[in-house]
Amino acid sequence: MEKLEQLYEGKAKKVYATNDPDFVIVDYKDDATAFNGEKKGTIVGKGVINNRLTNHFMKMLEENGIPTHFVKEISDRETVVKKVKIIMLEVIVRNIAAGSFSKRFGVKEGVILKQPSIEFSLKNDDLGDPLINTSHVLALGLASAEDIAKIKEYAFKVNALLKNYLLKFDIELVDFKLEFGKTSDGKIVLADEISPDTCRFWDVHTHEKLDKDRFRRNLGGEEHAYQEMLKRVIGD
Ligand code: UDP
């Protein structure tokens with residue numbers, strides 16, 4: 001497969017066309033942003049780690065019945081994925097209160113939720129990714145009722161699978177963000193990434209943060225945290 005022109009550059013990844021219209025190549029960067037792009041920096045080695053971890057998780061999920069965009073890792077930072085039309089929603093699943101959930105509902109960080117929760121945000125940086133409900137999603141034509149049902153089903157399944165999987169490495173899955181897309185034949189698949197940029201991972205015993213919160217909150221040690229995730233999950 002040939003890597004052709006750049007189609008898009010996001011905050012953490014670039015996307016390139018290929019000689020096959022059904023496939024694109026994603027290229028992971030070390031650039032880090034937080035608070036809707038207000039805080040900018042670099043986490044050395046992040047691109048490589050997020051590429052490898054995302055692909056590892058996507059493969060595990062595929063093996064367990066979740067359709068994903070993953071096709072093939074072609075280098076440290078580059079992966080071939082199916083070309084999809086992204087559904088403009090951030091799908092957030094939570095097991096433990098943290099971040100905006102804690103702030104919005106006045107619940108202490110670390111409180112275990114009675115059951116996993118799901119919420120949607122509109123993927124729109126100019127608007128600051130506002131929370132959106134399913135009635136709004138339908139009214140705006142962002143997705144159909146059928147699409148929403150599938151997305152919820154997949155998101156909760158991903159949560160159950162990933163949560164159990166990570167426990168083997170003494171990692172607690174606090175919360176995470178997913179994005180879904182539609183392939184040219186209309187199938188909904190899991191897209192984007194699953195990494196310390198998009199998930200909160202805590203050590204089971206010490207509750208040490210092993211994710212982007214170290215960067216967001218100026219805790220330091222973000223490079224080490226990303227490396228630790230790679231080491232625990234993939235083993236190098
Ligand atoms: N998240 C993300 N991208 C966003 C917003 C959130 O990947 O634009 C992830 C974040 O890493 C966390 C989860 O979604 O794992 C929930 O984030 P939250 O709503 O608590 O927002 P935050 O506190 O990060 O602003």
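Just so you know, ligand 1 is whichever comes first in the structure, and atom 1 is the first atom listed for that ligand. Quick caveat: nothing in here was measured; it's all calculated off a predicted structure.
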key: Identity and distance of the protein heavy atom lying nearest atom 1 (N) of ligand 1   = K177 CB, 3.8 Å
message = Assess, by modelled atom type and distance only, whether the side chains of S100 and R94 contain a donor and an acceptor separated by less than 3.5 Å.
response = yes
request  = Could you check atom 19 (O) of ligand 1 against the protein and tell me its nearest heavy-atom contact, residue, atom and distance included?
outcome  = S100 OG, 2.5 Å
query = Between D129 and ligand 1, which residue portion shows a heavy-atom distance shorter than 4.0 Å: side chain, backbone, both, or neither?
reply = side chain
ask   = Do I92 and F101 come within less than 4.5 Å of each other through their side chains, counting heavy atoms only?
value = no
query = Looking at atom 6 (C) of ligand 1, what's its closest protein heavy atom, distance included?
reply = I92 CD1, 4.4 Å
inquiry  = Looking at atom 25 (O) of ligand 1, tell me if a protein heavy atom falls under 4.0 Å from it.
reply    = no
Close side-chain approach of L89 to I148, heavy-atom, < 4.5 Å = no
task = Treat each ILVMFWY residue as a node, draw an edge where side-chain heavy atoms are under 4.5 Å apart, and state whether I194 and I87 are in one component.
result = yes
key: Per-atom contacts, ligand 1 versus G99 - under 4.0 Å to a heavy atom   = 20 (O), 23 (O)
ask   = Side-chain donor-acceptor pair under 3.5 Å between N50 and Y226, yes or no?
value = no
ask   = For atom 4 (C) of ligand 1, what's the nearest protein heavy atom and its distance?
value = E90 OE1, 3.4 Å
message = Suppose we measure from atom 15 (O) of ligand 1 to each protein heavy atom; which comes out shortest, and what is that distance?
response = D175 OD1, 2.6 Å
inquiry  = Side chains of S102 and E109 only: does a donor on one sit below 3.5 Å from an acceptor on the other?
reply    = no
ask   = Does L166 share a hydrophobic cluster with I96, counting links as ILVMFWY side-chain heavy atoms below 4.5 Å and allowing steps through other members?
value = no
query = Is R94 near ligand 1, meaning one of its heavy atoms is under 4.0 Å from it?
reply = yes
inquiry  = Could you tell me, atom by atom, which parts of ligand 1 come under 4.0 Å of a heavy atom of D197?
reply    = 7 (O), 11 (O)
Sidechain-backbone polar pair: D129 side chain, N124 backbone, donor-acceptor under 3.5 Å = yes
request  = Say whether N36 and ligand 1 are in contact under the criterion: heavy-atom distance to a ligand atom below 4.0 Å.
outcome  = no
remark   = Residue, atom and distance of the protein heavy atom nearest atom 10 (C) of ligand 1 read R216 NH2, 3.6 Å
inquiry  = I'd like to know if the side chain of N51 pairs up with that of T79 as donor and acceptor (distance under 3.5 Å, no hydrogens or angles considered).
reply    = yes
remark   = Ranked by distance from atom 22 (P) of ligand 1, the top protein heavy atom is R200 NH2, 3.6 Å
task = Could you list which atoms of ligand 1 come closer than 4.0 Å to a heavy atom of C199?
result = 11 (O), 15 (O)
